[in-house]
Every structure is written in structure tokens, then in C-alpha cells.
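Encoded as C-alpha cells, the structure appears first; notes follow it.
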Amino acid sequence: MTERLAPGTGVRPPGAVPGDQIARLGEALASFATGVTLVMVADGRDDIGTTVSAFCPVSWSPPLVLVSLIADSYPAEVLGRVGRFAVTVLGAGQRALAGRFAVAGRPGARVLLEGTPHARGEVAGALIPDGGLAALECEVTQRLPAGDHLLVIASVLNVPYVADSGEPLVRFAGRYPALR
């Protein structure tokens, strides 16, 4: 990112981050530990999946969650036209799975799930890997452009499973550290 000035003013637009602060912003945001999820969508032609660490509950009543996707990514494009998807909250033992779904230019989700037990969700029709801490099937209620991301708010329609125990997969400072 570079510093941008309002045209003809020599002044930064409101909310703009100075160029020398961009690296510090990245460091600051990386210091926020977050859980790791897989978001999966069946679009009729293929199964799409991506690793998402920007996931959060929004409301209990009605039950709503939010996922944040890079706006110009293929998963965001698909969720722009498909109304249902699945979210799997990954466990600590699923680090390799998270890595497979985070690589640029990755193949379809069925290929990436080869050798990993999984099922197709009853409600969303999306692939749901076994072994996570929980899985949700969701329906989009709002799509909100937010800078270079797309925020997708969705109602939870079904909870295919919740594990009895397990450690979460956590992302912190660009890595997946063990909780101890």
C-alpha cells in the first residue's frame, strides 16, 4: 500500500493510513490470535473451499455468523451468487488441511479433501470435513463490501456436528502455534 493524497489537496483522505504505518498495521493485526475455519461452497459446477480466519459469531437470536473474504477472490465471487455455504471450525490437528485451502491457485475442494473423511451437508450441499471442532451450514442474509474485503453475514441453518473435545487451530503472527 502506498500513501494516497486527496486529489489536488496534498492532504490524506479521512481514514487513510500513512505509508510508513502500513507495515506497523500489518504487525499489529497479526498480533490478534484467531481461530481457523474452512468455508466451503457448492456452486453447481464444482466445490469451492478456502481457509478463513476472519470468522465470528454475530447474534444468538437469530443465529448469525460473519465471514470475511478477499473481495476479488473466487470464493467471494461464488458467495456473491450462491446463497448457502458450510463453515468448519478446524482443530489443532488439521493444520495441513488449512494450508491446502490457503494456497493460491488451488484445485477444487474435492481434490483437496482426497484422503480426508468428509460429507456433504444436508442443507447447504457443501462439503464438510470430519474431525473439526464444529461445523455449521449457513444461508447468506447480507453481503457488505468493506474495503478490499467482502463481509458475508449468514443465518445458521444447521449444525452437523460439535466435537466433544479438542484443541482449536489458532493463527497468530502468520503461524499456527500450539496452545500451551
Side-chain angles (χ1 to χ4, degrees), residues 33-146 149-171 176 178-179:
T34 183
V36 181
T37 67
L38 284 183
V39 172
M40 306 287 246
V41 183
D43 78 346
R45 294 182 305 241
D46 199 2
D47 293 290
I48 311 304
T50 189
T51 302
V52 173
S53 57
F55 165 83
C56 69
V58 173
S59 169
W60 288 107
S61 182
L64 299 172
V65 295
L66 177 143
V67 296
S68 177
L69 303 167
I70 297 171
D72 64 357
S73 68
Y74 186 58
E77 176 190 324
V78 172
L79 269 179
R81 65 178 187 268
V82 174
R84 292 187 175 182
F85 63 97
V87 177
T88 303
V89 178
L90 297 180
Q94 294 178 305
R95 180 179 177 178
L97 187 60
R100 277 185 250 160
F101 281 90
V103 174
R106 62 192 167 273
R110 284 184 301 239
V111 172
L112 294 174
L113 285 175
E114 283 181 9
T116 301
H118 61 278
R120 194 165 290 282
E122 296 174 11
V123 177
L127 297 175
I128 300 172
D130 294 350
L133 298 181
L136 311 170
E137 290 186 275
C138 305
E139 183 167 51
V140 175
T141 60
Q142 286 183 280
R143 294 173 183 91
L144 305 165
H149 277 65
L150 174 68
L151 304 180
V152 178
I153 298 174
S155 58
V156 178
L157 302 175
N158 186 33
V159 180
Y161 70 82
V162 177
D164 293 331
S165 63
E167 295 291 321
L169 181 61
V170 176
R171 184 166 173 80
Y176 299 114
L179 293 180

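Everything numeric in this text was worked out from a predicted model, so none of it was measured.
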Smallest separation among heavy atoms of [X] and [Y], with atom names:
X    : Y    : answer
A71  : A76  : O-CB, 3.6 Å
R120 : D47  : NH1-OD1, 2.8 Å
L133 : P168 : CD1-CA, 3.4 Å
A119 : D130 : N-OD1, 4.4 Å
S73  : L69  : OG-CB, 4.5 Å
P160 : A135 : CD-O, 3.0 Å

State the [atom1]-[atom2] distance between [X] and [Y], to the nearest 0.5 angstrom.
X    : Y    : atom1 : atom2 : result
R84  : N158 : CZ    : CG    : 10.0 Å
E167 : L90  : CD    : CG    : 14.0 Å
L79  : Y74  : CG    : OH    : 11.0 Å
L169 : T34  : CG    : OG1   : 10.0 Å

Main-chain N/O of [Y] paired to [X] side chain as donor or acceptor, under 3.5 Å:
X    : Y    : value
R81  : D43  : no
T37  : V52  : yes
S59  : L64  : no
Q142 : I153 : no
Y161 : G132 : yes
R106 : G49  : yes
R100 : L112 : yes

Discussion item. For E122, give me all partners under salt bridge (Lys or Arg N to Asp or Glu O under 4.0 Å), at least two apart in sequence or on another chain.
Written reply: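 Salt bridge (Lys or Arg N to Asp or Glu O under 4.0 Å) check on E122 returns nothing, list empty.
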Worksheet entry | Worked check of side chain to side chain contact (heavy atoms under 4.5 Å, CB included) between C138 and V65 | CA-CA 8 Å; C138 305; V65 295; 3.9 Å; yes
Worksheet entry | Intermediate values then yes/no, side chain to side chain contact (heavy atoms under 4.5 Å, CB included), F55 and L136 | CA-CA 12 Å; F55 165 83; L136 311 170; 3.8 Å; yes
Fill in: Heavy-atom neighbours of R95 CZ exceed 12 at 6.0 Å
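No, the 6.0 Å shell around CZ holds no more than 12 heavy atoms from other groups.
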Discussion item. Counting only heavy atoms not in I70 (residues, nucleotides, ligands), do more than 12 fall under 6.0 Å from its CD1?
Written reply: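 Count not over threshold, so no.
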Is [Y] close to [X] at the side-chain level, that is, under 4.5 Å between some pair of heavy atoms?
X   : Y    : result
L38 : T51  : yes
P75 : V39  : no
Q94 : T116 : no

Item to complete: Would you check, one step at a time, whether the test side chain to side chain contact (heavy atoms under 4.5 Å, CB included) holds for F101 with L113?
Response: CA-CA 9 Å; F101 281 90; L113 285 175; 4.0 Å; yes
Item to complete: Go through the steps to decide whether I128 and E137 satisfy the test side chain to side chain contact (heavy atoms under 4.5 Å, CB included), and finish with yes or no.
Response: CA-CA 9 Å; I128 300 172; E137 290 186 275; 4.0 Å; yes
